[in-house]
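Below is one structure; the comments refer to it alone.
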Amino acid sequence: MINGLRVFPVRHHSPLAARHVARVIRDDPPAVVLIEGPADASGFIKDLVAAGTRPPVSLLYFLRGRAFSSLPYAEFSPEYQAMRVADELGIVTRFCDMPYRLAPGGVEEEEPPPPPAEPADQSAIDRGSLDFYWEAEFELRERDLDSYMEGALALGRQMRGAPSVRNRSREAYMYATIQNLVASGTDPKSILVVCGAAHAPALLDGDVDLALLDDLKPLGEAEIYLVPYSFSRFSSVLGYGAGTCYPHFYQALWEAGGKVDDAVCRMLTEICRDLADSGYIASVADTIDALALARRLAELRGKAGPGPEEMVQAVESCLTRGHYGKAAVAVRKRLVGEQLGCVTAGADRSPLAREFYAYLADQRRAPLLPLTDVATRRTYDLRRELHREVSRFLHRLTIMGVPYADPDDEMVAVVRRIGGGYAPAGPGQATSPPTLRSLARAARKATEVWKLEWYSSLDACLADLSATAHTIGEAASRKAEALLAQVKDLEESTALFIEVDRAGLERNVLPCLQRVEELARTTDDLPLLAQAAADLAAAVRYGAGLSTPERAIALAELLVRRAAAVLDGKPRVPDERIDDVAAALDGLCELRDDVGRVARLALERSMRAMARDPSLQPALAGAACAVAFRHGLIAPLAIIAEVRDRVMDLSALMDAADYLEALLRHGRGALLASPQATDAVRELVLHLPEDRFVAVLPALRKGFSCATEGEVRYFMALLMGPASRRGAPVYSSVTRRLNASMERAVWPGLGRWL
Amino acid sequence: MLEIGPHGLVEGTRPARFREARGGRMKDTRLHRPAEDRYHDELEALIALDADATRPPGWALSPRRVLEFVVGREPVTMPDGRTVPISAKFQGSWDIVEAAIATLASDRALLLVGPPGTAKSMLSEWLAAAICGSSRLIVQGSAGVTEDHVRYSWNYALLLKEGPTAAALKPSPILQAMQDGRIARLEEMTRCISEVQDALISLLSEKELAIPEMDNLVVAAQRGFNVIATANTADKGVHEMSSALKRRFNFVNVPPVQDVNTEIAIVKRRTAELMSDHCVTATVPDGAVDALVTMFAVLRGQIGPANNGARRMPTEISSAQLISTLFDGALRASYFGDRTVSMRDLARSIASSMGDNATAVGEVLDAYEGAFRRVPDVHGLVTQVRAALGAQSKRA
C-alpha cells in the first residue's frame, strides 16, 4: 500500500466525474497525473490535448492480423479533462496501464462482460442496471466532490467482484508504475491517479499481485493511432460497449455545467425544433408539456431530474404522439448525436491514413468527399475532370476494401464478392449478388452515385494496408493483384477489369485483360459472354471513367466473335435463362456499331440464322427473331412467314406456341408498331382454314399470354380496323370466326378483350 | 321506483328466486365488478400506507402507490395486523404505467393506443380506480355516441315540467368527473364521430363546460379531473383524430405481450377471475393453458420457425381472445363435461371462435405441423382442433 496516494475514481464517460477531476487538479495541482490507459500510448497525450484535436477522438490500438481496439474520449470524459487541465497547468501526464501489446501468458483474453452491479440503494432504484443507477445517483443528482468520491469508491468496491486475470495484471502494472515513480523520489501525495472506479480500491489498498507482471508476454508489435471518433460509435446503443447510450445528452450536460434541467430543456427544445422543421406539428407548448412529463416521470422513478429515458418517453408521448419512427429519428439526432471529432494535423497516422485524410481535406475536393458519420450520397459527373479524379480515388478505396465509400454500382459488388473485403462496421452493408441486368445497367452511366460514410474501422483498415504499401495507389494495385488471383469466371474478371480501369490502376489493366481473354476463349455461356461484351462496350460508350477504351473495345470484339461462335453451335438454353440470353443478344446487337466489321458480320449472320432455324430450341429462336427484328436484321414479312410455317405444322403446335410466346415477349412492341407486321398477321388469320384456326388458337393464346390486356386490345383493333375499312365481309368474317371460337370456349379471354 | 345501488339492484326490487343471502349480507352478483370493488382491500391498504405522502390535488393515492397498485408490490401490513397482498395486475413494461401516471398528474389527457387485446381498457380501469376510487365514469365510444354522451342531456319529462333546472340536467360521465374532480374514461375514442371528438377539445383545453340552457351556467372542472381514452391501432383511420385533439393528449403505446411465459400467466390469472365472476367451477390444467398459448405463439411467429408470411391466421389472436377461448373451454367443461378443461374442450372453443375460417385455419395448422410435433401437448391440441374444425365444416 502506498501511503498518501491520491486516486480519483471515475466512470469512463461522465460529465460529473470530468467536472470534479478538473476541479481537483486545478485546486490542488499534483506533480504527476497518471491516467488509466495503455502506457505505450503516452506519446499521444500531446496530440489528444492539442488545439487542433476536437473530441470525440479515439486511440486506435492495432496488432497486425488481429482485431483492433478503440479507447474513445469525449469532451466529458474525465480522463480527457484530466489530461487537458494538466496540460494547461504544465503537469506531467502519463498513461499507466498495461501496454496493449502485452497480455498475461502472451494469450489474448476475451474481456468478460462486467458483472451486473447491485445498486447500493435498491429502494431508490428498481431497475437494477448500472447505467441507470449511475445516471440517477450521480449525474442527475449533481453530487458535490465529497459525496462523489464516497459514492464512486463504494460503487467501485461493489462492482469489483472477482476481477479477471487480465484486470488483475493491469492493476499490478498500474501499481508497479506508481511504485517506480515513488521510488524515483516523487511524493505519493503529489501523484494523482485517474482510473476506473473498479480499479481504484486495488490501487488504494495495494491489493495487487505484482508476480503477475512476470507472466506478461508480448502479443506482437502494436501500432497506435489517434483517430477521429463519433457520437454514434460512442453510443453503446450502436456499438462501443463501455460508452453511454446518449453521448450528446452527456455533452449537453457537460456544457450546461451539470445543470440537468438546463440540459434537458435544451435537448427537448432542439428536438421540437427538428420536428417542426421536418413539417411535423410540434410547438413550444408541446415542449413545455414534454418537459413536465419528463420531470414527473423522473420524480416517479426517484430520480433527481429527468434523464434520457424520461426524455425519450416524453418525446414519444407529447411531441411525436405515438409516431415512434419520428421519435427514434429525433432521439438519434439529438440525444445520441452526430458529432464527428477531428484530430490535430500533427498526430501520428499510418501513411495511408495521412494520404486519405489529406486527400479529403483538399479544398477543391472537400464538398465532393464529406467526412461524415451519417450516410451521405454524392453524384459525380464523369465528364468533369475533378469528378473523374475523385471517382478514381473512390474506386481505389473500393478495391482496397476500405469502408468509406459504397457505390450504387453492382459491378463493384462483384469485385467485393471476389475478395470478400473489409466488412464495414455499420448496418446495411450487405450487398446481394448482382444480376446480369443490373450489371449492364450499372456500367451504362455517365454519372456515378456513391454513398459516403465514415466508419471507425476505416483507420484500422488503412493501418493494416500500410504494412504492404505506402500509397493508396500502390495498396489498391496490390489488392487488385490479389483479387485477380481469386477470379473464377468471366463475369468476375470483366468486372475487375472495368473496376481496375476506372480506378486508373495502369499496372493491373493488362493482367486483367489477359485474364478476361483467357476465360473468354474457354467460356461457352452465351449470357456471360454477351453480358461481358455489353459491359465493356457500355463502359466505353457511357462510362467516361474508363481510361483505356481501345483495349476494352478490342476485348468486346473478341467476346462478340466468341458469342457468335457459340450461337453457331446451336446452344440449348434452360427456359429460365431465355430472358438472359435475349438481353444478351440485345446487348450484342447494340454493339454492332462499336465493334469491327468482322465481328459485326459474324454476329449478324449468326442472329439471322438463329431466327429462322427450325432445329433450334423454339423459345430461343423466337427470342432471337424478336431481337433481330428490333435491330433491323430481319424483315417483318419474313417473321410472319416463319410464324405461318410453324403454326401450320400441327404436329409441333406447342413448339410453335413457344416460338410465338418468345417472339411476342421480346418483340411485341416492335411488331405492334409495324404496319407491315400487323397486315401480315391479319392475312395469316384470315387465310387460315376454319379447322386450323381453331386448332392454333391455344397456341395463339399461349403466345399472347405475356401481353397485357391493353396490348391485346390494341393488337385486335389493328387486326380488324383495316379489315372493316376494306369492307363488311372481311370484318364479319373475322368476328364470326372469333365469335364461333368463343362459343366453343377455345379462347374465352378474347371475348373479354373484344 | 327502480333503484340501482353500488351492488346492483337493491334488495326487494328483484324476485325472491334471484336473491342470494349469505351470512346476512347481500352477495355481490354482478358479472363485472369494477376495479375499486374487486381490489377494495388493496386500495385501502395502499391509502393507509400513503397517509403522509404528497399527492397530486384530488388524488386518493400518490403516484408511486398508484404505480404499485398496478404493477404490484410486496404485501402491506395494516395497523390491525392484517397482511394485504398487492397483486401485479399489469404485466407489461413499467415504463408504460409510469408514463400514464405522470401524464394523469399533468393537465394533459392520456391516450392509450395499441392493438386489440393488450389490456388498454383494463389499465385505464386500474388507473382510474387507484387515482380517484372510481372507474365507472365511462363513455363507450362507438358510431352511436353523440355529443350528449360527452357533455350532458336532459330528463325531458322534468325539462317540460320544470324547465332547464339542475334536476332535469343529466350530466354525462365526463361532466360528472369534472364536477367531482375524478377520472373519466373514454373507450375506443377513434370509433366516435368527429363531432363527438371535437366536443372534447374545449372540455380538455378550457377544463369547463358552459350550459347555455341554464343562463350560461359554467361548470368548472375540479382538481383531479382528467380523461383516459383508449384507441385501437386496428381502428386507425376509422375516425382519424384531429391535430387539435391529438395535442390535448399524451400518447402512450401499449404493445402486445411478447413473452410466452408472461402471456401464460396473464391468461391463467384473468381466466380464474372470469370463472370466479361467473361462478364457474372447473379445473384448468396448467398443461392446457401452456398448450393453448404456445400453439398461438407459434402461429404468430413469436416462437418456433419464422413466419414467412405465406401462411397467416385469418384473424388476429390477442391475449384477450386466448382468455375468452380458455374461459369458453371452462364453461363447456363445467356444464357439459367432467369439470376439467380437456384439450377437446379447448379445441372446440378454438374451432367455434374461428367462425367461417375453418379451411384457412386448417391450412395454417398444416403449415406449422413440424413445429407443433416438437411439443406433445401442443400437437395433441392441434390434432383436436383439426377434428373440431372438420366436424364444424361437416355440420355447416
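Throughout, protein chains are lettered first and strands after them, A, B, ... in sequence-line order, and every chain is numbered starting at 1.
Remark: side-chain polar atoms of A:Ser317 are not paired, donor with acceptor, to backbone N or O of B:Asn250 under 3.5 angstrom. Although no hydrogens or angles enter the test, the distance criterion places no donor-acceptor pair under 3.5 Å between the side chain of A:Glu316 and the main chain of B:Val252. Checked by atom type and distance alone, the side chain of A:Arg321 never pairs as donor or acceptor with a backbone atom of B:Phe249 at under 3.5 Å.
Put simply, the side chain of A:Glu299 does not reach to within 4.5 Å of the side chain of B:Thr54, judged on heavy atoms.
Rounding to the nearest 0.5 angstrom, the gap separating the CD atom in A:Gln313 from the CD atom in B:Glu98 is 7.0 Å. Note: A:Ile288 CD1 to B:Ser106 OG = 13.0 Å, rounded to the nearest 0.5 Å. Taking CD1 from B:Ile101 and CG from A:Leu293, the interatomic distance works out to 11.5 Å, rounded to the nearest 0.5 Å. Between the CG atom in A:Asp289 and the CG atom in B:Asp107 there is a gap of 6.0 Å [rounded to 0.5 Å].
Residues A:Asp286 and B:Lys246 are not paired through a salt bridge, judged by the lack of any N-O separation under 4.0 Å between the basic side chain and the carboxylate.
Taking non-hydrogen atoms and a 4.5 Å limit, the residue list of residues 248-262 of chain A in contact with chain B is empty.
Remark: B:Glu208 CD is packed, more than 12 non-hydrogen atoms of other residues, nucleotides or ligands lying under 6.0 Å away.
Of all the heavy atoms in B:Pro63 and A:Leu300, the pair that sits closest is CB-CD1, 3.3 Å.
In this structure, chain B has a heavy atom under 4.5 Å from the side chain of A:Ser283, while its backbone stays farther away. Heavy-atom distances place both the backbone and the side chain of B:Thr103 under 4.5 Å from chain A. Within the 4.5 angstrom heavy-atom criterion, atoms from both the backbone and the side chain of B:Arg247 approach chain A.
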